[in-house]
Amino acid sequence: MIERPRRLRNNEWIRKMTRETRVSANSLVLPFFIRHGKGVIEDIPSLENQKRYSVDTIVRGVEEGLKAGVNSFMLFGIPEYKDELGTQAYAEDGIIQQSIKTLKKEFGNDIYLITDVCLCEYTSHGHCGVIKDGFVDNDESLPLISETALSHVLAGCDMVAPSDMMDNRIKTIRATLDFHNFTNIPIMSYAAKYSSAFYGPFREVAGSTPQFGDRKSYQMDYHNRKEALKEVFLDISQGSDVVMIKPALSYLDIISKVSEKVNVPVAAYSVSGEYAMIKAAAKLNLIDEYCLMCETAISTFRAGANILISYYSKELAAAIIKGDIG
Ligand code: PBG
């Protein structure tokens, strides 16, 4: 027999030598939730092993990330007060704005800070934009979303990541940042963000479940694949530097298709429900958590992602350093 594919699987070294997918801890981003208060490091019941921090304790969270080999972080804020217009999202002394200042003062350029730009954690109704006649009004939302992005940049973040899925937001944010001379701050757009039940645990953490209706009038319908390309190309044409696909696991086909078609880096967001499912199955002893974490993460890179946003980033960095993956 000439063809014996098993020759390249004979032992660990040849398997590792011939791996087609290479990853590095530099490709990983770890999300953090920050709330009001002081001295807070609290468990999150729906997301085992993840914490909610306050502005003063988030330094500890980042320290642990750095120790594990992760340098990039994504910040989500949970404000004390919510209102119709989500004013805490763009307040100068808002949770995220304060956190950025604290972290940049402590770590400077040793960390790369990406901020989620959205209104849903800050609005009383839980939607990602302004409500007019019971509907999320696209164009009325844009100034508030770009104001939020600008306030993060003024506080010192390195990159903004708008997740609202309003039309034309990338153009508006780019114009706002450029107008204020922040021409060098990149935008990572949540370009193909699907309306997904995988966000359940996140919404519990952030208290951002819509108070009426759902997000289907702005987030994408999971039946659609071509539409992802439409969204991605629109965002790139408006100034998006990195495009994100979200969720990851049920959307590997989208990651694959998009990464073949675009000439910008592609990020995948392995969301809260994906993490929670692995944790829950592991608790029931149905699967091996570590192995499944590694396998699912590598599948996103194999599909074509260049960047992975994951609640497992610290553990994945350790697995890379150990040589189990990558
Ligand atoms: C804000 C936002 C959400 C997530 C990231 N940014 C929630 C949503 O759209 O409902 C979800 C992240 C996760 O589930 O881990 N719009």
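All ligand and atom numbering here is 1-based and tracks the order in the structure. Computed over heavy atoms, backbone and side chain alike; hydrogens, waters and symmetry mates excluded.
- In summary, the atoms of ligand 1 found under 4.0 Å from a heavy atom of Tyr269, numbered by their order in the structure, are 12 (C), 15 (O).
- When non-hydrogen atoms are compared, ligand 1 lies under 4.0 Å from neither the backbone nor the side chain of Tyr275.
- Near Lys246, meaning under 4.0 Å from one of its heavy atoms, ligand 1 places the atoms 2 (C), 3 (C), 4 (C), 5 (C), 6 (N), 11 (C), 12 (C).
- Nearest to atom 16 (N) of ligand 1 by heavy-atom distance, out of Met74, His127, Glu274, Lys193, is Lys193.
- A salt bridge is defined here as a Lys NZ or Arg NE, NH1 or NH2 lying under 4.0 Å from an Asp or Glu carboxylate O, and Arg35 with Glu80 fails to meet this definition.
- Distances below 4.0 Å separate heavy atoms of Arg203 from the following atoms of ligand 1: 8 (C), 10 (O).
- Contacts between Asp164 and ligand 1 below 4.0 angstrom, taking non-hydrogen atoms only, are absent altogether.
- Between the side chains of Glu289 and Tyr312, a donor-acceptor pair is found at a separation under 3.5 Å.
- Remark: ligand 1 atoms within the under-4.0 Å shell around heavy atoms of Tyr199 are 8 (C), 9 (O), 10 (O), 11 (C), 14 (O).
- When Asn109, Leu66, Leu28, Ile111 are each tested for a side chain to side chain contact (heavy atoms under 4.5 Å, CB included) with Asn71, only one passes: Leu66.
- Looking at Asp221, its side chain never comes within 3.5 Å of a backbone N or O of Asn224 through a donor-acceptor pair.
- Among all protein heavy atoms, the one lying closest to atom 14 (O) of ligand 1 is Ser272 OG, 2.7 Å.
- Using a cut-off of 4.0 Å between Lys/Arg side-chain N and Asp/Glu carboxylate O, Arg169 and Asp235 are scored as salt-bridged.
- Ligand 1 has a nitrogen or oxygen under 3.5 angstrom from a nitrogen or oxygen of Gln219.
- Ion pair Glu42/Lys51 not flagged as a salt bridge, since none of the NZ, NE, NH1 or NH2 atoms sits closer than 4.0 Å to an Asp/Glu carboxylate oxygen.
- In summary, the atoms of ligand 1 found under 4.0 Å from a heavy atom of Tyr311, numbered by their order in the structure, are 12 (C), 13 (C), 15 (O).
- Here the two rings, on Phe33 and Phe76, have centers that are under 6.0 Å apart.
- Salt-bridge formation is not detected for the pair Asp43/Arg52: no Lys NZ or Arg NE/NH1/NH2 atom is positioned less than 4.0 Å from an Asp or Glu carboxylate oxygen.
- Atom 12 (C) of ligand 1 has its closest protein heavy atom at Phe202 CD1, 3.3 Å.
- Nearest-residue assignment for atom 8 (C) of ligand 1 (options Gln50, Met165, Arg215; heavy-atom criterion): Arg215.
- Against a heavy-atom cut-off of under 4.0 Å, Cys120 is close to the following atoms of ligand 1: 1 (C), 16 (N).
- With salt bridges taken as basic N to acidic carboxylate O contacts below 4.0 Å, one links Asp178 and Arg174.
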